[in-house]
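See structure below.
Every chain is numbered from 1 and lettered A, B, ... according to where its sequence line falls, protein lines coming before strand lines.
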Protein chains: 2
Amino acid sequence: MAKDGKAAARGKQERLVSAAVELAHRQGYRKTTLADLAEAAQVPLGNVYYYFKTKDDIGEAIVQHRESEFEAMRAHLDGLPTPKARLVAFVDMTMRNAATVAKHGCPMGSLCAELLKDGGQLAERSNALFAKPMDWMERQFSALGYADAAADLTLQLQSSLQGASLMTQSFRDPALLEREGRRLKSWIEAL
Amino acid sequence: MAKDGKAAARGKQERLVSAAVELAHRQGYRKTTLADLAEAAQVPLGNVYYYFKTKDDIGEAIVQHRESEFEAMRAHLDGLPTPKARLVAFVDMTMRNAATVAKHGCPMGSLCAELLKDGGQLAERSNALFAKPMDWMERQFSALGYADAAADLTLQLQSSLQGASLMTQSFRDPALLEREGRRLKSWIEAL
DNA sequence: GTCTATATTCTGATAGAC
DNA sequence: GTCTATCAGAATATAGAC
């Protein structure tokens with residue numbers, strides 16, 4: 001029996017979102033044209049507008065996809081026994097992406113920076129990329145017994161990771177993120 | 001006597017570079033069109049090409065302008081008596097920009113991120129924005145007696161400042177950069 | 001050196017056939 | 001639901017008069 005329309009639609013929409021997420025990371029959101037997207041997702045150009053009314057809608061879908069990626073990661077991290085182990089594992093996962101970060105930047109940070117400079121509606125949404133991870137970090141630091149300093153420690157950890165990611169991308173050297181990652185893991189262990 | 005051509009040319013070129021630097025910070029390099037530039041600098045559109053053959057040439061001029069800004073800042077910092085005082089003053093100057101950073105990001109960091117995503121020639125040049133400040137920091141840490149760890153300490157300081165700037169811009173909250181700045185100053189003092 | 005007018009290309013978006 | 005053809009506007013860049 002033939003695929004019905006809706007199933008095909010879902011398949012195409014998913015392909016479009018996947019392609020948008022990947023292309024926005026590799027070559028930037030703004031630089032990614034609807035033609036690039038259509039080609040990568042194997043969907044005819046004009047048809048993209050059946051799934052997304054505007055390019056901003058695609059940006060929103062990218063942000064939501066990145067948010068859900070963190071939720072999946074969080075589900076895994078929360079399986080670990082201690083807050084310390086969870087925070088260290090978080091840093092570890094970032095470090096393992098060092099090679100990709102050196103090429104295209106942090107998937108969240110570089111997108112956030114781009115949406116902020118773009119201005120408009122999406123700039124307001126950009127901090128959604130950081131909000132959930134930082135809420136999660138803050139809970140871990142609180143559970144570690146640093147309830148009062150949790151917000152500061154979170155800012156410190158997230159800033160270091162984001163800044164190190166930018167340096168890593170700028171100098172195209174994965175070793176930078178690995179060095180900062182090692183330091184941050186020791187710092188967490190010693191808390 | 002009337003202004004001769006060359007003097008006028010210099011004036012216009014300077015106006016164009018100033019406008020480019022400011023607009024690239026406020027609304028992004030890519031988003032800034034040659035028409036925006038021409039209007040801001042009070043130069044007719046087509047005439048921009050007398051001074052810059054391509055838009056990339058304008059990007060290069062922006063990078064060079066930012067580099068020279070650091071040189072001016074460095075000249076001032078090097079007048080301070082101790083490496084510690086110089087590093088603290090550097091952090092202080094960044095902190096004083098917190099309100100602007102909250103609106104438009106770090107003048108160097110946000111430009112760097114944008115040029116990196118843009119790809120092309122300018123992406124290779126983007127780390128010039130960090131190279132000189134980081135060389136300078138490394139010399140300060142060395143002079144402080146941390147010759148072996150100077151590169152790590154520099155990476156740590158620069159990452160924290162850049163990451164905190166991104167958080168500050170994303171959440172539109174100058175207090176974030178101020179909090180990280182205070183922490184970093186204490187950290188330097190305690191070295 | 002300076003400026004106007006315009007060429008060229010590309011991009012987001014739409015109209016309408018199937 | 002799907003796709004082709006195309007529009008309208010903008011952006012970079014150039015040609016050539018003054």
Figure out the [atom1]/[atom2] separation between [X] and [N], and round it to whole Å.
| X | N | atom1 | atom2 | answer |
| --- | --- | --- | --- | --- |
| B:D56 | D:dT12 | CG | P | 11 Å |
| A:R30 | D:dA10 | CZ | P | 14 Å |
| B:L16 | C:dG1 | CG | C1' | 14 Å |
| B:K53 | C:dG1 | NZ | P | 12 Å |
| A:L45 | C:dG12 | CG | P | 9 Å |
| A:Y29 | C:dT11 | OH | P | 14 Å |
| B:N47 | D:dG16 | CG | C1' | 14 Å |
| A:L23 | C:dT11 | CG | C1' | 16 Å |

Side chains of B:I58 and B:L16: closer than 4.5 Å at any heavy-atom pair? no

Side chain of B:P44 (C-beta onward), nearest among C:dC3, D:dT2, C:dA13: C:dC3

Taking D:dT12, C:dA13, C:dT2 as options, the one with an atom nearest any side-chain atom of A:K55 is C:dA13

Considering non-hydrogen atoms only, spot the tightest contact between B:L122 and B:E60 and give its length. CD2-N, 3.6 Å

Could you check whether B:K31 pairs with B:E114 (Lys NZ or Arg NE/NH1/NH2 to Asp/Glu carboxylate O, under 4.0 Å)? no

So, are B:D152 and A:R183 salt-bridged, with charged N and O less than 4.0 Å apart? no

Look at the rings of B:F171 and A:F130 and say which category their plane angle falls in: under 30° parallel, 30 to 60° tilted, over 60° perpendicular. tilted

Listed in order of residue number, which residues of residues 31-40 of chain B have a non-hydrogen atom at under 4.0 Å from DNA chain D? B:T32, B:T33, B:L34

Distance below 4.0 Å between A:Y50 side-chain N/O and D:dT2 OP1 or OP2: no

Counting just side-chain N and O atoms, does B:Y49 come under 4.0 Å of either OP1 or OP2 of D:dA13? yes

Cation-pi between B:K117 and A:Y29: NZ/CZ under 6.0 Å from ring centre and within 45° of the ring axis? no

Between B:L157 and B:V88, is there a shared hydrophobic cluster once you connect ILVMFWY residues whose side-chain heavy atoms come closer than 4.5 Å? yes

